[in-house]
Amino acid sequence: MHLVPILGHMPGSHCTKDIQKNITSAAQPTSSPATTGFTELQPLMAHLDLPSEHMEANDPVQPAGATTLQRAWARFLKGVSYFSGDMAAFGKWMEKQFILLQLLDWVLRGAAQVMFVNNPLSGLIIFAGLILQNYWWALNGFVGTLSATISALILQQNRGAIAAGLYGYNGILVGLLMAVFSSAGDWYWWLLLPNIFMSMMCPVVSSALASINSRWDLPVFTLPFNILVCLHMVATGHYNPYFPQVLIQPRSQMPNITWAEVNVAKLFKSIPVGIGQVYGCDNPWTGGIFIISLFISSPITCVHAVLGSAAGMVSGLALAAPFGDIYFGLWGYNSVLACIAIGGMFYALTWQVHLLAITCAFFCAYLSSAISNIMSRFGLPACTWPFCLSALTFLLLTTGTNRIFKLPLAKVTYPEKNLVQSPENKYNWPRRVMLLETRQFVREEVRKQAILADPTCKVLLLVYPGQIKERGTDD
Amino acid sequence: MHLVPILGHMPGSHCTKDIQKNITSAAQPTSSPATTGFTELQPLMAHLDLPSEHMEANDPVQPAGATTLQRAWARFLKGVSYFSGDMAAFGKWMEKQFILLQLLDWVLRGAAQVMFVNNPLSGLIIFAGLILQNYWWALNGFVGTLSATISALILQQNRGAIAAGLYGYNGILVGLLMAVFSSAGDWYWWLLLPNIFMSMMCPVVSSALASINSRWDLPVFTLPFNILVCLHMVATGHYNPYFPQVLIQPRSQMPNITWAEVNVAKLFKSIPVGIGQVYGCDNPWTGGIFIISLFISSPITCVHAVLGSAAGMVSGLALAAPFGDIYFGLWGYNSVLACIAIGGMFYALTWQVHLLAITCAFFCAYLSSAISNIMSRFGLPACTWPFCLSALTFLLLTTGTNRIFKLPLAKVTYPEKNLVQSPENKYNWPRRVMLLETRQFVREEVRKQAILADPTCKVLLLVYPGQIKERGTDD
Amino acid sequence: MHLVPILGHMPGSHCTKDIQKNITSAAQPTSSPATTGFTELQPLMAHLDLPSEHMEANDPVQPAGATTLQRAWARFLKGVSYFSGDMAAFGKWMEKQFILLQLLDWVLRGAAQVMFVNNPLSGLIIFAGLILQNYWWALNGFVGTLSATISALILQQNRGAIAAGLYGYNGILVGLLMAVFSSAGDWYWWLLLPNIFMSMMCPVVSSALASINSRWDLPVFTLPFNILVCLHMVATGHYNPYFPQVLIQPRSQMPNITWAEVNVAKLFKSIPVGIGQVYGCDNPWTGGIFIISLFISSPITCVHAVLGSAAGMVSGLALAAPFGDIYFGLWGYNSVLACIAIGGMFYALTWQVHLLAITCAFFCAYLSSAISNIMSRFGLPACTWPFCLSALTFLLLTTGTNRIFKLPLAKVTYPEKNLVQSPENKYNWPRRVMLLETRQFVREEVRKQAILADPTCKVLLLVYPGQIKERGTDD
């Protein structure tokens with residue numbers, strides 16, 4: 001149910017009918033709004049100045065006289081909004097710039113999109129983290145992102161998707177991980193050849209998979225990266241004279257696990273390391289930098305990344321994984337991604353979704369162990385297959401409750417904004433934390449969205465695709 | 001195409017039109033007959049009891065004077081109908097009972113649904129068979145079914161599907177087989193932890209797979225069980241200190257097959273053992289008990305189960321399998337399930353479908369050998385992957401003949417009832433065996449379904465959901 | 001259906017509406033244009049012969065006086081057309097012949113359909129090539145094709161598809177490759193049993209896969225063959241007393257690659273050998289014969305086959321494959337098929353599509369190396385999995401350009417004819433080569449298709465579904 005009319009004053013029944021018609025025609029795709037029962041209540045709430053006023057009236061935190069502080073806070077939020085979220089204003093400004101500058105923006109957004117973050121500043125910080133880890137890897141990542149983005153331009157893919165970095169994130173992973181898993185050592189320049197070829201194949205595989213997944217309104221996640229890196233690694237293998245891969249072998253004996261030996265500090269450090277391992281980095285500082293980059297764009301994403309990494313670490317302990325693997329972050333990175341994806345990114349965040357995300361993180365860690373055991377038989381790493389498979393499974397889930405609401409793929413932006421788009425949720429999420437930020441977004445939305453005002457009726461009708469808002473304006 | 005009007009005499013065109021309109025509106029959706037509009041007509045035809053009258057008139061087998069015997073037989077059948085088939089009356093009665101009692105009903109139905117049987121009595125007998133085999137396994141199976149059913153309730157899955165045991169059957173298999181393949185020995189209580197976790201994931205995976213398979217109107221079969229048990233086994237493996245699995249290794253040398261050594265008695269015993277292996281049981285008595293439980297609900301299912309097991313055994317001999325594997329029922333259980341699924345369960349039974357089911361059983365045995373060879377490389381058993389893949393392949397088959405009629409998934413109940421729903425078949429199936437039973441069902445159907453009779457036109461119209469019959473009565 | 005009414009000018013808006021309605025109704029269904037309403041207008045435009053007139057007028061290559069030569073050339077082309085392309089006239093004639101003769105036609109077309117060629121003469125030549133290679137293999141191939149075709153008849157599959165050999169090509173591959181990979185030696189007659197069983201399963205698997213792939217309008221390619229041969233091989237394996245398979249083992253040490261040892265003659269010979277390996281043949285003469293059979297039906301197919309084989313060979317060198325494998329054609333055959341499929345068969349040929357086909361050939365060779373490494377772990381050959389997966393990926397690609405135009409599956413015939421069906425392309429392809437042939441087809445199309453011309457307005461309108469062209473003729 002994503003249809004919550006915030007209904008306004010309606011003096012004449014004649015105009016109501018017209019509006020009703022408008023609503024129906026606009027809301028048609030969704031699931032039959034039961035607006036009929038609300039009409040008699042509407043006059044009672046006519047005097048309220050609605051979304052913000054109404055929310056403040058209901059808000060127990062907000063003291064009535066604190067308007068100065070609130071205004072300062074709003075100004076601060078406005079400042080923050082320029083570089084948080086998806087930096088839409090910056091993206092708008094970029095559209096009129098020189099193409100190479102745009103390309104840089106797309107590459108940076110692509111780098112951050114690995115974590116579902118559409119933010120060039122986050123991308124820049126992530127590149128900083130990569131450089132801290134290893135120059136050669138960072139170079140390969142950059143080349144990969146660039147090749148993938150250019151290839152998408154050549155293949156005339158959707159410009160909006162390219163600009164959001166949706167064709168770059170597989171490229172950066174292909175570039176990075178091909179460098180990480182190459183056993184030819186750093187600065188082996190020949191590696192750039194398959195790197196560029198595979199990165200340029202990313203948009204092809206992405207587009208092909210999107211043709212399939214779109215039937216279920218699912219994203220492709222990092223499947224193109226998984227496919228292409230595994231393809232390169234298994235096509236060449238450890239015993240290749242030109243492009244040798246690191247030797248990965250299956251476990252064939254009982255690991256020696258002594259609980260006395262466990263190092264709690266390293267266990268805690270494995271949480272940022274797990275986040276770093278999303279990009280194949282084992283440096284905890286790099287992981288820390290990535291956490292910051294997530295926080296800038298979306299605190300919800302950041303929280304779920306940390307929770308996911310912790311869930312993965314706990315699963316590793318429960319399934320008797322060698323401590324070395326856990327410290328190295330191998331149990332964390334898939335759960336990080338799965339937890340972000342489910343926790344607010346593709347589902348609108350509620351408590352139920354939050355619990356679902358944690359469950360998914362544990363399931364993903366289990367799957368991660370299974371897949372890495374299977375892949376190791378072929379000398380392959382698990383890549384992010386576990387994340388893709390577990391997140392797709394949880395996104396395919398259908399339930400009878402409207403507290404677990406999957407956003408239409410076209411409406412997905414970032415958790416905080418997704419919250420607004422799903423009216424069910426914003427009344428249930430802890431209000432102290434979210435209210436102000438939410439209100440800010442609502443105001444923006446109001447400005448951006450189609451506004452339908454009938455001056456004679458003094459009724460304002462906002463038509464969202466899949467969501468209707470209606471309120472009185474002048475009284 | 002299952003809309004075959006058997007048109008009767010129609011003197012006036014005006015009433016035909018009205019009826020036609022009614023048919024269209026009634027036949028449009030599937031499972032909810034629009035009975036509302038028809039109720040005023042029903043008193044008019046109360047004295048007729050037409051369907052049975054008509055069928056007797058057409059029946060060449062039935063001598064005219066045998067009504068006493070026939071009535072006794074009908075009374076016996078009525079008695080049988082209370083605990084055969086899907087025990088719909090019992091299910092109806094259960095709806096008003098205490099929730100824990102309902103839950104028990106769902107768990108029992110879930111236990112039987114592994115064999116596509118929606119019958120709590122069969123489920124009870126199956127649990128008896130499991131207890132005969134091994135207490136610990138039976139306990140794990142029960143815990144698995146219960147967890148899966150509760151998880152489905154939490155996730156607010158379709159209540160009708162839960163009540164039919166469709167969320168339980170993967171749970172019982174997960175529970176049982178995790179116990180069977182654990183090498184930690186019986187009564188290793190820690191095993192209940194992953195058992196409960198994996199069983200509770202069943203509805204998630206079921207729901208996700210159903211989202212995919214429903215596009216082709218296909219069931220999910222035991223795919224969730226296959227995925228989750230393989231996941232658990234490969235995630236832990238043989239060399240796991242907490243949850244070790246039995247060691248399964250690929251064949252690496254020529255097996256020694258001497259036909260003189262073959263034990264014909266054991267070969268025959270492998271048929272019930274094969275049926276028992278559906279639940280991982282190698283006790284022939286357990287298998288025999290399962291056969292009884294199938295017979296109670298549906299003789300057709302029972303016959304196909306035995307035929308499938310035999311086909312699997314023969315395939316094993318043909319493909320030079322070690323005799324031990326054949327005696328142990330490993331060649332049978334997939335063919336059992338495949339033969340049941342194709343032979344009358346998802347296709348309406350005809351001779352052609354019967355042959356198709358046998359073919360599928362052989363194909364499934366072939367596939368079973370292939371998959372167990374591949375899975376053994378990863379230390380995994382074949383589970384019921386071969387059944388799932390072969391049955392899905394045969395259900396995806398499209399042919400030009402209407403003698404191979406795939407029932408819409410929503411109409412699938414059990415083979416005998418499916419027969420009635422497919423008008424093509426019931427006139428061709430050996431009538432002596434099926435007629436009485438069929439008639440019983442038709443009577444029930446007539447009572448349940450919308451009946452439209454226009455006495456002025458002397459036309460009787462039976463409206464099945466998705467099937468229309470119309471015929472003259474008095475001339 | 002995308003070549004439909006060539007519409008005339010519309011002076012009054014009233015007639016525009018009518019025509020518009022006609023267009024909509026004609027273009028709406030798929031393959032049957034509503035020609036009935038247009039016939040009365042055709043006499044009016046009999047003198048125009050517009051399409052060809054127009055093309056000549058626009059053609060800069062064609063000198064005005066060369067009509068005699070042109071007519072001779074046209075007569076030659078007409079002669080060629082009887083046995084080139086899909087031999088539609090011959091197929092038409094065959095329909096009235098004795099069923100066994102028809103069956104032979106279908107079997108021959110099936111043999112050629114492996115290379116996407118629907119031509120019995122090509123099929124005959126291919127069988128000649130197979131006999132040159134190995135009598136026993138050729139016999140198995142024939143038995144396989146026959147069994148598959150008969151099985152399709154029994155299962156009442158689409159008669160048109162059977163007549164085009166679309167149920168035979170998987171059969172020939174199953175038959176051939178089961179003989180090629182059997183280690184029981186030639187003339188081991190028992191092999192015919194699984195051969196016939198597996199070939200008869202081909203239509204089942206084809207039909208099932210088509211149910212899935214048709215959702216994306218994709219062909220099943222040789223997936224049924226891949227599935228069934230791998231199934232047979234892995235179900236029996238190397239250590240089977242009845243049906244032993246050749247031993248295939250994974251590479252486990254660094255190959256010794258010395259560039260000084262490379263044999264350039266053998267490298268060049270690997271191109272026809274690669275084409276021969278599509279049917280599992282390593283005789284270069286057999287490969288040469290196959291090239292001829294391709295050329296007869298479609299020169300474009302032939303060119304792409306050679307290019308694909310060359311691309312595969314180059315990829316093998318680039319990825320440090322052992323020279324023996326390259327000489328043996330193992331790097332070529334998948335790229336051959338992928339290059340044919342993309343280069344003009346399922347996409348209408350343009351320069352962009354040509355480049356895409358070459359890219360796909362390289363990608364396919366990469367994939368081929370990866371898949372053969374994985375399959376060798378299970379003792380399996382790569383079969384044509386790499387071709388299927390890469391071609392499906394490239395066919396699922398969606399781009400913003402209409403220069404890469406995927407033909408609807410129902411309209412696919414052969415590259416030269418596909419060209420005509422895609423109006424975008426025929427103006428851009430090197431005109432000297434294609435024009436005459438194209439014109440021939442356009443004339444045929446014009447005769448076949450519904451033509452609507454309004455002579456009073458002197459405007460010709462070509463309506464393609466999804467694209468409208470309108471131009472004045474005499475002014």
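As the structure is a computational prediction, the values presented were derived from the model and not from experiment.
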What's the spacing between [X] [atom1] and [Y] [atom2] if we round to 0.5 Å?
{"X": "A/Ile154", "Y": "C/Gln352", "atom1": "CD1", "atom2": "CD", "value": "12.0 Å"}
{"X": "C/Phe378", "Y": "A/Arg377", "atom1": "CZ", "atom2": "CZ", "value": "9.5 Å"}
{"X": "A/Leu209", "Y": "C/Leu396", "atom1": "CG", "atom2": "CG", "value": "8.0 Å"}
{"X": "C/Ile404", "Y": "A/Gln156", "atom1": "CD1", "atom2": "CD", "value": "8.0 Å"}
{"X": "C/Asn373", "Y": "A/Leu380", "atom1": "CG", "atom2": "CG", "value": "9.5 Å"}
{"X": "A/Ser211", "Y": "C/Leu395", "atom1": "OG", "atom2": "CG", "value": "10.5 Å"}

Non-hydrogen atoms of [X] and [Y] that approach each other most closely:
{"X": "A/Pro241", "Y": "C/Ala320", "answer": "CD-CB, 3.5 Å"}
{"X": "A/Asn240", "Y": "C/Leu319", "answer": "ND2-O, 3.0 Å"}
{"X": "A/Ala208", "Y": "C/Thr393", "answer": "CB-O, 3.3 Å"}
{"X": "A/Ile212", "Y": "C/Trp216", "answer": "CA-NE1, 3.5 Å"}

If one checks every heavy atom of A/Leu228 against chain C at 4.5 Å, the contacting part turns out to be side chain
Okay, A/Met198 and chain C: the region with an atom under 4.5 Å from a heavy atom over there is side chain
Is there a donor-acceptor pair closer than 3.5 Å between any side-chain N or O of C/Ser369 and the backbone N or O of A/Ala235? yes
Bottom line for C/Ile374: the part with an atom under 4.5 Å from chain A's heavy atoms is both
When the 4.5 angstrom heavy-atom criterion is applied to C/Ala321 and chain A, the contacting part is neither
Highest number of heavy-atom pairs under 4.5 Å with chain C among A/Met233, A/His238, A/Met201 belongs to A/Met201
**Message:** Counting only heavy atoms from other residues, nucleotides and ligands, does the tally under 6.0 Å from CZ of A/Arg215 exceed 12?
**Reply:** yes
Taking C-beta and beyond as the side chain, do A/Val204 and C/Phe363 meet within less than 4.5 Å on heavy atoms? no
ask   = Where does the angle between the aromatic ring planes of C/Tyr366 and A/Phe197 fall among parallel (under 30°), tilted (30 to 60°) and perpendicular (over 60°)?
value = parallel
